[in-house]
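Down below is the structure, laid out as structure tokens.
Just so you know, residue 1 is the first one in the sequence shown, and it goes up from there.
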Amino acid sequence: QVQLVESGGGLVQAGGSLRLSCAASGRTFATYAMGWFRQAPGKEREFVAGIKRIATNHADSVKGRFTISRDNAKNTVYLQMNSLKPEDTAVYYCAAGAMLAVAGDAAGYDYWGQGTQVTVSS
């Protein structure tokens, strides 16, 4: 069982930056693929970024602006978000799954955090 707790969300102006963190419980963090997803009001949950041991994957909508990283010593995955846009407004969720999972497929993730709200004002 893995428990995930997100933090770092908030209100920011367009063009600003935020860094989300996701702290995981347990001793096997390094064996999990980690992902960030988001869900805006009235929309389906969408993939934002994923990371396996080293390889990363970012959705086209955030490439060049967001960066996912992980610190296995701290059992934490991060999402650095720069040049934020109003359309980035959503609840951001952290997820953990098997290394063999397809990064962008939510069904491949077994554990989810409760989410953190990110609001970008224009």
Side-chain angles (χ1 to χ4, degrees):
Q1 189 77 10
V2 176
Q3 292 185 325
L4 304 172
V5 179
E6 303 98 335
S7 62
L11 173 64
V12 64
Q13 288 188 332
S17 298
L18 285 174
R19 188 175 80 156
L20 304 184
S21 299
C22 173
S25 65
R27 300 181 180 178
T28 58
F29 175 77
T31 67
Y32 286 96
M34 301 299 297
W36 286 98
F37 290 75
R38 67 186 181 186
Q39 188 166 19
K43 295 187 177 181
E44 293 187 353
R45 189 171 298 190
E46 65 173 356
F47 171 74
V48 176
I51 185 167
K52 296 192 175 183
R53 288 186 178 82
I54 297 175
T56 62
N57 192 334
H58 296 79
D60 288 343
S61 59
V62 306
K63 277 181 182 176
R65 300 189 298 122
F66 292 11
T67 303
I68 189 171
S69 62
R70 68 189 299 163
D71 185 337
N72 291 336
K74 295 183 178 180
N75 279 16
T76 302
V77 63
Y78 304 98
L79 185 68
Q80 178 66 45
M81 305 187 296
N82 299 327
S83 301
L84 283 160
K85 304 175 182 180
E87 51 263 43
D88 294 319
T89 295
V91 177
Y92 283 70
Y93 297 90
C94 173
M99 284 290 184
L100 293 178
V102 174
D105 183 0
Y109 293 85
D110 301 308
Y111 305 102
W112 293 81
Q114 293 191 328
T116 185
Q117 176 71 47
V118 171
T119 304
V120 184
S121 64
S122 57

Assess whether side-chain contact (heavy atoms from CB on, under 4.5 Å) is satisfied between V77 and W36, documenting all intermediate values.
CA-CA 9 Å; V77 63; W36 286 98; 3.9 Å; yes
So K85 and D88, salt bridge (charged side-chain N to carboxylate O under 4.0 Å, His left out) or not? Walk me through it.
CA-CA 5 Å; K85 304 175 182 180; D88 294 319; over 6 Å; no
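In this structure, CD in Q80 is found 12.5 Å from CD1 in I68, a value given to the nearest 0.5 Å. Interatomic distance, CG of L20 versus CZ of F66, reported as 8.0 Å (0.5 Å rounding). Going from atom CD of Q1 over to atom OG1 of T28 covers 10.5 Å, rounded to the nearest 0.5 Å. Note that CD of Q39 and CD of E44 are 8.5 Å apart. Values are rounded to the nearest 0.5 Å. Atoms OG1 and NE2, on T67 and H58 in that order, are 5.0 Å from each other to the nearest 0.5 Å.
At distances below 3.5 Å, not a single donor-acceptor pair connects side-chain atoms of T119 with backbone N or O atoms of T89. Of the possible donor and acceptor atoms, one in the side chain of N75 sits under 3.5 Å from a partner among the backbone N and O of G26.
Across all non-hydrogen atoms, the minimal contact from M99 to A30 is CE-O, 3.4 Å. The heavy-atom pair separating L11 from S121 by the smallest distance is CD1-CB, 4.4 Å. Of all non-hydrogen atoms in S21 and T76, the two that sit nearest each other are CB-CG2, 4.3 Å. The nearest pair of heavy atoms linking L84 to L18 is CD1-N, 3.9 Å. Shown here for A49 and L79, the closest heavy-atom pair between the two residues is CB-CD1, 4.1 Å. Here the closest heavy-atom approach between residue L4 and residue C22 is recorded as CB-SG, 3.8 Å.
Grouping the Ile, Leu, Val, Met, Phe, Trp and Tyr side chains by contacts below 4.5 angstrom, directly or via other members, places V91 apart from V118. Under the 4.5 Å side-chain contact rule for hydrophobic residues, M34 and W112 do not share a cluster.
The number of heavy atoms from other shown groups lying within 6.0 Å of CD (Q3) does not exceed 12.
The only option from F37, Y93, F47 that meets the ring pair (Phe, Tyr, Trp, His ring centres under 6.0 Å) definition with Y109 turns out to be F37.
Looking at Y92 and E6, their side chains never come closer than 4.5 Å, going by heavy atoms from C-beta outward. Put simply, the side chain of V5 does not reach to within 4.5 Å of the side chain of Q114, judged on heavy atoms. Taking the side chain as every heavy atom from C-beta outward, R38 and S61 approach each other to under 4.5 Å.
A cation-pi arrangement is absent between R70 and Y32, since the terminal nitrogen or guanidinium carbon is not both under 6.0 Å from the aromatic centre and inside a 45° cone about the axis.
With sequence neighbours left out, the side chain to side chain contact (heavy atoms under 4.5 Å, CB included) criterion links S69 to Y78.
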